[in-house]
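It should be emphasised that the depicted structure is a prediction, and the values quoted were computed from it without experimental measurement. Values reported hereafter were calculated over all heavy atoms of this structure, with side chains retained and with hydrogens, waters and symmetry mates removed. Naming convention: chains lettered A, B, ... in sequence-line order (proteins, then strands); numbering from 1 in each chain.
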Amino acid sequence: MAKNLLIVESPAKAKTIEGYLGKDFTVKSSYGHIRDLVKSEDAIDIAHNFEQKYEVPADKKQIVSDLKKLAKEADMVWLASDEDREGEAISWHLYETLGLKESNTKRIVFHEITKPAILRAIENPRKIDYNLVNAQQARRVLDRLVGFELSPVLWKKVKPSLSAGRVQSVAVRLIVDREREVNKFKSEAAFKIVALFGKAKEAFKAELPERFAQQDDAEKFLLDCVTADFDINSLETRPAKRSPAAPFTTSTLQQEASRKLGYSVSRTMQVAQKLYESGLITYMRTDSVNLSDTALNAAADEIVSAYGNKYHQQRKYKTKSAGAQEAHEAIRPTYFNQHSIDGDGSEKRLYDLIWKRAIASQMSEAQFEKTTAKIGISTRKEELVANGEVMKFDGFLKVYLESSDEDDEPQQDGENSMLPPLTKGQRLALQEMSATERFSRPPARYTEASLVKKLEELGIGRPSTYAPTISTIQNRGYVVKEEREGKQRAFRVLTLKSGNITKEEKIENTGAEKGKLFPTDIGAVVNDFLVLYFKGIVDFNFTASVEKQFDEIAQGLKEWTDMIRKFYDPFHKDVESTIQTADKATGERELGVHPVSGKKISVRIGRYGPFVQVGENATDAEPEKPLYASLRSGQSIETISIEDALELFKLPKKVGLFEEKDMTVAIGKFGPYIRHNSAFYSLPKGIDPLDVTEEQAIELILEKRKKDAEKLIKAFDEDPTVKILNGRWGPYIEFGKLNVKIPKGKEPLELTFEECKALAAIAEKEPKKGAKKFAKKK
DNA sequence: CAGTGAGCGAGCTTCCGCTTGACTT
């Protein structure tokens, strides 16, 4: 039996370290936190110094009992969780839960998983740092108090099952605020002048720095240029350089994988987890840009041997993000000499990105020569400007170039292109000049990754929570990730060529969005409610200010219960008074009155989502009920017009009769459909539901019936709700509302009713995890 | 899957941060 038990947080880490330490050490993992506050109300005893009640969650019971057994058998237990607030608390929870004693427990820390770092750590053990543990408890208690007092206020005042928290509510606020900026934005048009000089290979573009707001001014400019001479007034050449970006943290990896590979934040983490478990990369949840000495040397060797000495430049990066705890290295390949890996496509691509970024971070800067030519116009006082750029040395660009969020911006004319050899005073021949109407753009909506970037800047959330936070705000229905179609917009182009000016109008698509985060109506209502009654909590600086206090607790300068008391008492008072005084929040907005009946038209959130109401609520005096219609996806309470609202009442509509039953057309959650005899038939795309004819509807119904008949393998006389059907993934049993898999080796046609019943009974007993999750969402 | 929108009341929901798996669709 090993004399020493060493406990880390991650099993993959445990495996690696075990290899470094030899037979005297057993290395095990705690799989993160092993205890948490109980779920119930009494988790925190507010009257008694916020005393906490902890429990080992069901899925950690086995781990804890295994560790307990090993700890009993070992001479020495080494607590090697991460060196940050959470890690220190994990060590403390282990100490308490495993029943360890000071005499046989040592606390060690390391920031990188390399043999020298581990050995050094073992030679320098310390004790559990209770100040750091207290800081973690303050963090945990504050988050629980905020989350579990605020959420119930929302259940009462907005809708059941909603949630609020220090992190998620700010994330939602960012998205709501941004959407309002976009909606408020007034686009301004101006004419941009671009000139094309020279011929063929010698051709280059120059741009006028000023823009013209009026078409007349742009036209006048072109007109003046008809007879003008163009001379190079000045020519300036200067060196420029560019440095590589720091190696990846969780946040920057998520951003780059989103921009370069189109991965969602959670996909990036899933793929990175696989790479980590295969031993190919270092830990993927980190806020540090630091590389170990081992890594720096390995990168240097690789760069020198692959590209030569002059491509190598050692760099040590300093983290800029507030609140970084730097318990790990930056994300990097474990072995720099492994340029590519085996694995599926997404793993290969992500590894490639990580490898390139890490290698590039240790390479020389790229060097350029930038040339600016200013071109005088004999008939005008303005100057045209042409910029050219020539790369003199590629440096790190040989392997990697970081993308930016503004990459969808059209390439600026005359930027970063090559210029032909030019001399000062040279006269240029104008080929063509254009004045193109361009529009200013509203601020960009957040993508998942750009939201992570913003949260990190604000110091809100941690590497391990970015992806889950983004899922939470979507699962709660506060935010949707969507595509939105753009609108056509006309823009004017004036062209000067061969002494003539031509005018034309062109069409461009604008405002199209893909994979962007939009607030829902419920998201906006919840946000406004929180901003109104709990401004301090959803303040962008709230986390930063409590983090500062956690730091003071960690340094032993502050008592954690004092800090929480000072926060909690006024906060709780706000909660109480909000419950007492606040009205229910529905986001109600009056759109105006009905053009015919004169009744009030309003929109608000109801039990089933946002809807329009025409007329007042029924009363004893006025028993007539109002009319209702749900908003459609893409519409929102804040922006819907009275015209669009009235349009919603044109459906559902009768289309005709079939088999003596009415057919109606309407639009549901999943698009337009025909309803007949309580069955639903989706309308194909391209048919306007308002234009559907009786014939088309009948045809649709018959088509669907035919398809369904082909699907049916077997029906049972015993129970008409039980069928064997042919589905997308092969045959299955439909048992009422339950879909049951057919075990391998069974011939679907030969299944009896009794067998189906038995299979359904088994399936019902073991509800699927995914099904549970889905039920939870609802 | 797709309609609904008053009000009552049962019982439930909910936080953040540290880890993986076991699941689909």
Side-chain angles (χ1 to χ4, degrees), chain A residues 8-14 29-37 39 41 43-44 57 59-60 63 81-82 84-90 93 136 139-155 159-169 270 273-274 276-277 283 285 325 327 460-466 468-469 472 476 537 543 586 604-613 617-619 625-630 651-652 664-675 678-683 727-729 737 767-774 776-778:
Chain A
V8 293
E9 293 179 37
S10 150
K13 214 190 252 184
S29 139
S30 73
Y31 291 81
H33 275 294
I34 51 141
R35 281 207 307 194
D36 192 16
L37 294 173
K39 286 269 175 216
E41 294 255 304
I44 299 166
D59 58 331
K60 293 288 166 66
I63 295 158
S81 47
D82 297 345
D84 57 15
R85 217 159 55 201
E86 298 297 327
E88 202 66 24
I90 288 174
H93 283 307
Q136 193 273 346
R139 200 280 305 153
R140 181 68 191 92
V141 166
L142 178 117
D143 282 336
R144 166 60 68 87
L145 290 172
V146 169
F148 275 38
E149 295 218 5
L150 231 38
S151 300
V153 179
L154 296 180
W155 305 343
K159 212 177 103 169
S161 299
L162 296 175
S163 66
R166 174 178 57 83
V167 172
Q168 59 169 292
S169 296
Q270 277 166 18
Q273 176 87 29
K274 275 202 171 156
Y276 168 67
E277 283 168 13
Y283 198 56
R285 290 187 275 263
Q325 309 205 1
I460 298 172
R462 304 277 312 129
S464 67
T465 60
Y466 295 136
T469 298
T472 299
R476 294 273 173 275
I537 305 292
T543 291
T586 64
R604 69 173 190 277
I605 300 243
R607 267 195 292 171
Y608 315 104
F611 69 102
V612 189
Q613 174 172 342
N617 284 346
T619 59
K625 276 196 166 185
L627 291 173
Y628 304 107
S630 288
L651 291 173
T664 51
V665 60
I667 293 181
K669 242 198 222 169
F670 308 98
Y673 64 93
I674 304 280
R675 189 176 184 181
S678 66
F680 299 92
Y681 306 88
S682 290
L683 276 185
R728 257 207 287 177
W729 296 284
K737 283 191 171 174
K768 301 252 158 68
K769 235 186 166 180
K772 249 195 211 161
K773 258 189 197 163
F774 184 72
K776 244 185 163 178
K777 256 193 250 172
K778 284 193 134 183

Decide, yes or no, whether a salt bridge links K60(A) with D36(A) under the criterion of side-chain N to carboxylate O below 4.0 Å. no
Short N-O contact, E86(A) and R462(A), less than 4.0 angstrom: no
Would you mind telling me which of [options] lies closest to the side-chain atoms of [X]?
{"X": "K60(A)", "options": "dG5(B), dA6(B), dC18(B)", "result": "dC18(B)"}
{"X": "Q168(A)", "options": "dC16(B), dC18(B), dT20(B)", "result": "dC16(B)"}
{"X": "S161(A)", "options": "dT13(B), dC18(B), dG5(B)", "result": "dT13(B)"}
{"X": "Y608(A)", "options": "dC15(B), dG5(B), dT20(B)", "result": "dG5(B)"}
{"X": "W155(A)", "options": "dT13(B), dG17(B), dA6(B)", "result": "dT13(B)"}
{"X": "D82(A)", "options": "dC18(B), dG5(B), dG21(B)", "result": "dC18(B)"}
{"X": "Y31(A)", "options": "dC16(B), dC18(B), dT20(B)", "result": "dT20(B)"}
{"X": "S682(A)", "options": "dT19(B), dA2(B), dG17(B)", "result": "dA2(B)"}
{"X": "V167(A)", "options": "dC16(B), dG5(B), dT13(B)", "result": "dC16(B)"}

Contact class for [X] vs. all strands (heavy atom < 4.0 Å): base, sugar-phosphate, or nothing?
{"X": "S29(A)", "result": "nothing"}
{"X": "T543(A)", "result": "nothing"}
{"X": "E277(A)", "result": "sugar-phosphate"}
{"X": "E149(A)", "result": "nothing"}
{"X": "S10(A)", "result": "sugar-phosphate"}
{"X": "P468(A)", "result": "nothing"}
{"X": "Y681(A)", "result": "nothing"}
{"X": "Q136(A)", "result": "nothing"}
{"X": "R144(A)", "result": "base"}
{"X": "S630(A)", "result": "base"}
{"X": "A89(A)", "result": "nothing"}
{"X": "G606(A)", "result": "base"}
{"X": "G461(A)", "result": "sugar-phosphate"}
{"X": "R139(A)", "result": "base"}

Is [X] near enough to [N] that one of its side-chain N or O atoms lies under 4.0 angstrom from OP1 or OP2?
{"X": "T465(A)", "N": "dC16(B)", "result": "no"}
{"X": "S151(A)", "N": "dC15(B)", "result": "no"}
{"X": "Y283(A)", "N": "dT19(B)", "result": "yes"}
{"X": "R35(A)", "N": "dC18(B)", "result": "no"}
{"X": "R166(A)", "N": "dG17(B)", "result": "yes"}

Counting distance only, does the side-chain N/O of [X] pair as donor-acceptor with the main-chain N or O of [Y] below 3.5 Å?
{"X": "S151(A)", "Y": "S163(A)", "answer": "no"}
{"X": "S169(A)", "Y": "G165(A)", "answer": "yes"}
{"X": "S29(A)", "Y": "E9(A)", "answer": "yes"}
{"X": "Q168(A)", "Y": "T472(A)", "answer": "no"}

Return the 5'-most residue of the pair R607(A), G147(A) with respect to DNA chain B, ranking by each residue's nearest nucleotide. R607(A)
In terms of the nearest nucleotide of DNA chain B, which residue is placed more toward the 5' end: G165(A) or Y276(A)? G165(A)
Once Watson-Crick and G-U wobble pairs under 3.5 Å are found, how is DNA chain B written in dot-bracket notation, 5' to 3', with | for any base paired to another strand? .........................
Any donor-acceptor pair under 3.5 Å joining the side chain of [X] to the base of [N]?
{"X": "R285(A)", "N": "dC18(B)", "value": "no"}
{"X": "S163(A)", "N": "dT14(B)", "value": "no"}
{"X": "R462(A)", "N": "dC18(B)", "value": "no"}

How many whole angstroms separate atom [atom1] of [X] from atom [atom2] of [N]?
{"X": "L145(A)", "N": "dC16(B)", "atom1": "CG", "atom2": "P", "value": "13 Å"}
{"X": "E41(A)", "N": "dT13(B)", "atom1": "CD", "atom2": "C1'", "value": "12 Å"}
{"X": "L627(A)", "N": "dG5(B)", "atom1": "CG", "atom2": "C1'", "value": "12 Å"}
{"X": "R675(A)", "N": "dG3(B)", "atom1": "CZ", "atom2": "P", "value": "8 Å"}
{"X": "D59(A)", "N": "dG21(B)", "atom1": "CG", "atom2": "P", "value": "12 Å"}
{"X": "I44(A)", "N": "dC16(B)", "atom1": "CD1", "atom2": "P", "value": "14 Å"}
{"X": "D143(A)", "N": "dC15(B)", "atom1": "CG", "atom2": "P", "value": "11 Å"}
{"X": "K159(A)", "N": "dG5(B)", "atom1": "NZ", "atom2": "P", "value": "16 Å"}

What I want to check is whether the side chains of [X] and [Y] have a donor and an acceptor closer together than 3.5 Å.
{"X": "T664(A)", "Y": "R675(A)", "result": "no"}
{"X": "S10(A)", "Y": "Y31(A)", "result": "no"}
{"X": "R285(A)", "Y": "Y283(A)", "result": "yes"}

Provide the closest heavy-atom pair for Y673(A) versus I667(A) in the form atom of the first, atom of the second, distance. CE2-C, 3.8 Å
Sole residue of L142(A), D143(A), V141(A) in side-chain contact (heavy atoms from CB on, under 4.5 Å) with R139(A): D143(A)
Can you tell me if F680(A) is stacked onto the base of dA2(B), using a 5.5 Å centroid cut-off and an angle below 30°? yes
Kindly state whether the pair Y673(A) / dA2(B) counts as stacked, where counting means centroids closer than 5.5 Å and planes tilted less than 30° apart. no
